[in-house]
Visitor: 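Right, I'll just put the structure down here and ask away after.
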Amino acid sequence: MGNKFQQLLGAHTSIAGGIWRAVKKADKLGFTAMQIFTKNSNRWQAKPLTEKDIWEFKEKLKESKIKFVVAHDSYLINLCAKDETILKKSREAFIDELQRCELLGIPYLNFHPGSHGGMGERKGIKLIAESINFAHEKTKGFNVSSMLELTAGQGTTLGYTFEQIAEIIELVDEKERMSVCIDTAHIFAAGYDIRTPESYEKVMSNFDSTIGLERLKCFHINDSKKELGSRVDRHEHIGKGFIGTGGFANIMNDKRLLRVPKILETPKGKEQKEDLVNLRVLKSLIR
Ligand code: ZN
Ligand code: MN
Ligand code: MN
């Protein structure tokens with residue numbers, strides 16, 4: 001089918017009622033890729049996964065057409081928290097998330113690098129890398145990759161430039177365990193213009209020379225409610241925001257990135273009908 005090569009596409013899907021339910025739902029919606037939380041994203045604690053949870057999840061996945069799963073970590077985790085108690089809790093929770101992924105056979109744990117809360121960017125970056133090294137040491141030999149997500153740079157959040165992401169990876173000992181996710185709304189709000197073929201090409205070659213395209217293992221495909229460089233993180237439906245369909249056409253037709261899964265995190269109701277509309281828009285952009 002030439003350019004119609006089946007790209008892995010899907011959306012973040014709720015695990016309400018059990019992790020396996022998310023797989024059923026995503027498969028029913030026709031996704032080939034999906035993102036989940038492996039626990040309640042607004043809580044520190046989670047019940048340990050049971051053998052049954054794990055078995056059901058793996059079985060449903062095998063029966064489905066889903067070929068890529070990424071887990072998103074809890075929003076509470078801050079790997080460069082200024083408060084020592086929060087930092088300790090964050091590290092423990094992060095390790096727990098790595099363990100949950102490993103048990104479920106999920107190959108990527110996506111996370112926001114962290115918010116330095118005023119300690120300064122340099123210190124924050126160092127602390128994030130220390131936290132990752134600590135977590136990796138506690139999870140020796142795990143297959144799950146730690147996936148740094150590019151951010152919008154809202155407040156004191158780090159990871160809003162390619163350089164910052166590269167610096168974190170540089171400070172991590174087990175670099176083979178590191179991967180990167182581009183969130184289109186985030187990088188756009190951070191000032192990376194992907195709207196025209198020319199500006200997009202500049203952004204991607206910058207990514208390649210700073211981080212390396214081989215580390216890019218996932219896209220969060222979101223339009224942005226806020227303008228270029230606003231540093232504000234607000235997701236919008238595809239084509240309805242400041243990025244517009246042109247920007248997404250650049251991504252969907254980038255031959256280097258056909259094998260990188262693309263996952264929506266756009267607003268949706270319980271039935272996720274909005275996801276189907278957004279996926280239709282994305283597919284229509286493939287030339
Ligand atoms: Zn995220
Ligand atoms: Mn995202
Ligand atoms: Mn966001």
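Whatever order the structure lists them in is the order used to number ligands and atoms, beginning at 1.
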Visitor: Are any N, O or S atoms from His72 nearer to the Zn ion (ligand 1) than 2.8 Å?
Guide: yes
Visitor: Within the side chain of Lys82, is there an N or O that forms a donor-acceptor pair under 3.5 Å with the backbone of Gly117?
Guide: yes
Visitor: CE of Met147 to CE of Met178: how many Å apart, nearest 0.5 Å?
Guide: 10.0 Å
Visitor: Does Ala185 offer a backbone N or O that forms a donor-acceptor pair with the side chain of Asn222 under 3.5 Å?
Guide: no
Visitor: Is Lys140 salt-bridged to Glu174, going by a charged N under 4.0 Å from an acidic O?
Guide: yes
Visitor: Using 2.8 Å as a strict upper limit, say whether an N, O or S atom of His112 approaches the Zn ion (ligand 1) that closely.
Guide: yes
Visitor: Would you say Arg287's side chain and Asn253's backbone share a donor-acceptor pair under 3.5 angstrom?
Guide: no
Visitor: Sorted by chain and residue number, which protein N/O/S atoms are under 2.8 Å from the Mn ion (ligand 3)?
Guide: His186 NE2, Asp233 OD1, Asp233 OD2, His235 NE2
Visitor: Check all N, O or S atoms of Glu149 and name the one closest to the Mn ion (ligand 2).
Guide: OE2
Visitor: Sequence neighbours left out, what passes salt bridge (charged side-chain N to carboxylate O under 4.0 Å, His left out) with Lys47? Give chain and number order.
Guide: none
Visitor: Donor-acceptor pair, Asp193 side chain versus Leu228 backbone, under 3.5 Å?
Guide: no
Visitor: Give a yes or no answer on whether the side chain of His112 reaches the backbone of Gly114 with a donor-acceptor pair at less than 3.5 Å.
Guide: no
Visitor: Would Glu149 count as a contact for the Zn ion (ligand 1), in the sense that one of its N, O or S atoms lies under 2.8 Å from it?
Guide: yes
